[in-house]
Amino acid sequence: MNLLNGLNPEQLAAVTLPRQHALILAGAGSGKTRVLTTRIAWLIATNQMTPQQVLAVTFTNKAAKEMLARLTAMLPINVRGMWIGTFHGLCNRLLRAHYRDAGLPQLFQILDSSDQLSAIKRLLKSLNVDDEKYPPRELQHFINGQKEQGLRPSAVEAWDGYTQKRVQLYEAYEAQCNKEGVVDFAELLLRCYELLSRNEALRRHYQERFRHILVDEFQDTNILQYKWLKLLAGAEGCLFCVGDDDQSIYAFRGAEVGNMRDFEREFRVPNVIRLEQNYRSHGNILDAANAIIKNNDNRLGKNLWTDAGAGEPIRVFEAYSDLDEARWIVEEIQALARDGHARSEIALLYRSNAQSRVLEHALFSAGLPYRVYGGLRFFERQEIKHALAYLRLIANPDDDTSFSRVVNFPTRGIGARSVEALQDAAKAAGSSLFAAIPAMSGKAGTSLANFAALIGRMKEMAHLPLPELVDHIVELSGLREHYKNDKEGQDRLANLDELINAATSFIAEEGVIGEGGVIGEGGELSADLIAFLAHAALEAGEHQAGEGDDALQLMTMHSAKGLEFNIVFVTGLEEGLFPHENSVMELKGLEEERRLMYVAVTRARQRLYLSHAQTRMLHGQTRYNLPSRFIEEIPGGLVKWLTPRIARHGGAHGGVSPRLTFADAPRAASSPRAGGAGYRIGQTVRHAKFGEGIIINLEGGGEDARAQINFGSAGMKWLALSVAKLEAAT
DNA sequence: TGGGAGTGCTTTTTT
DNA sequence: AGCACTCCCA
C-alpha cells in the first residue's frame, strides 16, 4: 500500500499494529509524527475505522495542525469532522456540546493564565485576604496543581493550617468562577473528566465512538490527562500512545513521565515499539546525545542511530565572558553566512530567557536579523485583550474579569472609588458587577449606566458578521481613538486591525459549521463569536510576525523541543546556569536538566556548537561559572575544542578553567580575590563546621567578597570570606 | 488620572 | 541589570 512506502520496519510495525493498546517509544527525529498520522490514515484506508471514530490528542495547536495538514495530504477526505486537537481544545468541544450536563452556562468563557491570575487577585481582595501571606501566583499554582491531579477542594488532603486556608480559597475561587460563568484551563479538563465519569450514557456514547485514541507526546501528560484518556478508552477502546521519556522536560508544570510506565503496566500493553533510527542528525551528534542521556537512571531505554554517517565533530568554545561568547557567535555566524548557510537554519539556544539579551545585542550591532521565540503572543497583547474583553461582555456580562478590565479603559471617569462601590453593591446583592449597576446612584451611577448602555449598544450588533462586529467594537469602545492619540499607540492600532483580519480568517478557516446563531439573553449572538473567543483563549496566536524573513532563531531549549535546524548553538553551558542551580540539589531535577540537554543536542542536523563563558553577568552581578558537567559527559573523541584546552585536574568539577586565572584575567577587572586571600574557583577549602568543600563560585570583592562552596553532604553554602574561617586544604 | 520614583524579584511554559 | 508592580503626588 502506498501509504506505507518508505517506512522502516519499526515504523511499519507501529503503523500496522492490530487493534491493541500500544506504546511507541519514539526517539528524537525518529519520525514520530509520521507514524502517528500514517497510523490514522492506514486505519481509515483499511476500513478499520471511519474518520469520525478517531480521537487524536496533542499538547499544542501547532502539533494538531501539523497532523491535520499531513492527513489532508494523505487521504482524500475532509478532515474537519475528525477529532484531532489539544486536550483543552477537545474538552472545550465536549463541554460546549454538553454544557447543560456539565453544569455550565451556554456561553461560558475561558480564562487564560493571566485572566485567572487577575480573578484570583480580585478574589483575595474581596475576601480581605493578605496577599503577602497568600501570594496570588502561588495560589494559582496551587489551585491548578490540585485540578491537574483531579482534586476538588473536598478531596485535597490538608494537614496544616496554611494548606487548609489555601483549600478554602480554592473553594471560594471555584464559587466565583461558577458565578461568573468562566472556566480556566485546568477546569476544562477536570469538568470534562467529571462530566464523563458522572454521566454514564454520555461516557458510553463517546467510548463507543472513539474506537482508536492516539496520543502525542505522552510523556508530557499530567495525572488528570491520563485519567481522562483512561476514562475515554474504557474497556473497549484502544490507546496508541507515542512519547519519549528522554524528552520529558515539563515535570515542573505537572507532567508525569511515570504515566508511561503506568500505562504499560495497567493496560498490559502487549506492544512496546522503539523507534530508534534517527533521520535528522549526523552520527556524532547522536552519539553525544546517547552518551549524555546514559547518565540518567530509570529510563525506558533507547539508543538513537543513523545511517547518515558520523558527520562533523561537535565544536566546543570556551569564552572569557558572556560578551565574548556573543561576539564569537556573531563571527561564526557571519562565516557560516558567507558559506551560504541560511540564517533561518541556524538556532541559538539558551537555558533561560534572560540570556537572550546579550546575544540579541551582539546580533543587532552586527546587523544580523534574528527572531526571538517566546514572549508576548498576539492574543496576549493588552490592546487585543481589551478588545476581546468587550466582546466577552457581549456574550456574558457576568464575566467580572472582563468587566473590570475595560470598565474604565479607555478612561471614562469610572475611578477606583466607583468600582469599589460597585463591588460592594454586587457583593451585597450576590450578583455580578454588571448586574449591580442599576443599584448605583449619583455620579458614579450615571457613568456606570453609560457604560452599561455602551455594552448594550454593542450587543445590538452581535448579529453582524464577526469581522464587522470586531471593527465596530474597536470603534465604539473608544479603543481606536485612545490609541490614535497615544504617541506609542501605532503598533497597537495595527494590532487591532490585525484582530479584524484574524476574525476574517478565523471565519474562513474554522467558522462554525451550520450551527446557526446562539440565542443569548436579549438577542441572537453569532455562533462565530463564541467560537472565536474560545479560539482566542485556547490559541494564543503566533509568537511574532516576521516569520518569512531569513532570520536567526533564538529560543530557550524548552521552546526548541519538536524543532530542528541545520546548525545549532547551545550556549551558556555552565554549572549553575545549565544545569540550573535550583535543580542540581535533587537527582530528579538534575535528570530533567540532562533531558533538556538531550533535547537541545538532538535539534541539530549537521553541526552542533556548544559554548560556555567563564564570567557572566546575572541579576546585575558578575558570576564565575565552571563549564557544565554536560560538556564533560560527551566522549572526548566526538568533540573538537575551538579554544585551547589544558587537562583539567581534580575531577569533573574541581577543575580550574585553563584560559583565565583570576590573577591575570584581562577582563575580570574586579578580581574576586578576597582581601588578598587569593581564593579561586575549584579550590578545596576546609571549614571548621562544614568540613571540606570546593569553591564553586566567587563574587564581590574586598569586604563583601563571598564564596559559594559545595561542602558535599553538608550542602551548598554562600559564605562571606571576611567572616568565615576557611583554610586551604590540599 | 497618570506619571515618576521606589521596591522587589529573577528557570523552564502550553493550554 | 532590567522589569513589573505599587505608591504617592501634582
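Note on naming: letters A, B, ... go to the chains in the order of the sequence lines (proteins, then strands), and numbering restarts at 1 for each one.
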Check: For B:dT13, does OP1 or OP2 lie under 4.0 Å from any side-chain N or O of A:Ser559?
Finding: yes
Notebook entry, point to check: For A:Ser583 and B:dT12, is the shortest distance between a side-chain N/O and OP1 or OP2 below 4.0 Å?
Noted result: no
Note to self: Quick check: A:Phe403 with A:Phe451 (ring centres under 6.0 Å apart)?
What the structure shows: yes
Margin query: Let's see if you can work this out: which of B:dT12, B:dT15, C:dG2 has an atom nearest to the side-chain heavy atoms of A:Phe252?
Written below: B:dT12
Check: Picking from C:dA1, C:dG2, B:dT13, which would you name as closest to the side chain of A:Met617?
Finding: C:dA1
Notebook entry, point to check: Do we see A:Phe87 stacking on the base of B:dT15, given a limit of 5.5 Å between centres and 30° between planes?
Noted result: no
Checklist line | Euclidean distance, atom CZ of residue A:Arg137 to atom P of B:dG8 [Å, nearest integer] | finding: 17 Å
Item checked: Rounded interatomic separation in angstrom, taking NZ from A:Lys65 and P from B:dT14 -> 14 Å
Checklist line | A:Lys121 NZ to C:dA4 P, straight-line distance once rounded to whole Å | finding: 12 Å
Note to self: Can you check the distance between C:dC5 and B:dT12, where both ends of the measurement are the C1' atom (answer in whole Å)?
What the structure shows: 23 Å
Checklist line | Nucleotide nearest A:Thr411 when distance is taken to its side chain, options B:dT1, C:dA1, C:dC3 | finding: B:dT1
Next item on the list: Between A:Asp112 and A:Glu592, name the one whose nearest nucleotide on DNA chain B is closer to the 5' end.
Entry: A:Glu592
Next item on the list: Just compare C:dG2, B:dT15, B:dT11 and give me whichever is closest to any side-chain atom of A:Arg377.
Entry: B:dT15
Item checked: Interatomic distance where CG belongs to A:Asn582 and P belongs to B:dC9 [whole Å] -> 15 Å
Note to self: Over 60° means perpendicular and under 30° means parallel, so tell me whether A:Phe569 and A:Tyr609 are parallel, tilted or perpendicular.
What the structure shows: parallel
Margin query: Base, sugar-phosphate or nothing for A:Gly572? Non-hydrogen atoms, less than 4.0 Å.
Written below: nothing
Checklist line | NZ or CZ of A:Arg371 within 45° of A:Tyr373 ring axis and under 6.0 Å | finding: yes
Notebook entry, point to check: Roughly how many Å is it from CD1 in A:Ile249 to C1' in B:dT14, rounded to a whole number?
Noted result: 12 Å
Check: Which whole number of Å gives the distance between the P atom of B:dT13 and that of C:dA4?
Finding: 16 Å
Check: Think A:Asn353 has a side-chain N or O under 4.0 angstrom from the OP1 or OP2 of B:dT11?
Finding: no
Notebook entry, point to check: For A:His580 and B:dT11, do the ring centres fall under 5.5 Å apart while the planes stay under 30° apart?
Noted result: yes
Check: On a plain distance test, is the side chain of A:Ser113 in donor-acceptor contact with the base of B:dT14 below 3.5 Å?
Finding: no
Item checked: A:Arg623 CZ - B:dT11 P separation (whole Å) -> 11 Å
Notebook entry, point to check: With the threshold set at 4.0 Å, does a side-chain nitrogen-carboxylate oxygen contact exist between A:Arg623 and A:Glu574?
Noted result: no
Item checked: Gap between atoms CE and C1', on A:Met555 and B:dT11 respectively (whole Å) -> 17 Å
Margin query: If the cut-off is 4.0 Å, is A:Asn408 near the phosphate of B:dT1, judged by side-chain N/O to OP1 or OP2?
Written below: yes
Note to self: With rounding to the nearest 0.5 angstrom, report the CG to CG distance, A:Asn222 to A:Asn259.
What the structure shows: 7.5 Å
Notebook entry, point to check: Is the distance between the ring centroids of A:Phe578 and A:Phe630 less than 6.0 Å?
Noted result: yes
Note to self: What contact category does A:Tyr250 fall into here, base, sugar-phosphate, or nothing, at under 4.0 angstrom with non-hydrogen atoms?
What the structure shows: sugar-phosphate
Check: Does A:His141 have its ring centroid less than 6.0 Å away from the ring centroid of A:Phe252?
Finding: no
Checklist line | A:Ile414 CD1 to B:dT1 P, straight-line distance once rounded to whole Å | finding: 9 Å
Notebook entry, point to check: Quick one: is A:Asn61 getting a side-chain N or O under 4.0 Å of the B:dT14 phosphate, OP1 or OP2?
Noted result: no
Next item on the list: Verify the contact: side-chain N or O of A:Arg253 to OP1 or OP2 of B:dT11, cut-off strictly under 4.0 Å; return yes or no.
Entry: no
Margin query: Checking contacts here: which listed nucleotide (B:dT13, B:dT12, B:dT15) is nearest the side-chain heavy atoms of A:Phe185?
Written below: B:dT15
Notebook entry, point to check: Pick the nucleotide of DNA chain B nearest each of A:Gly413 and A:Glu539; which residue has the one closer to the 5' end?
Noted result: A:Gly413
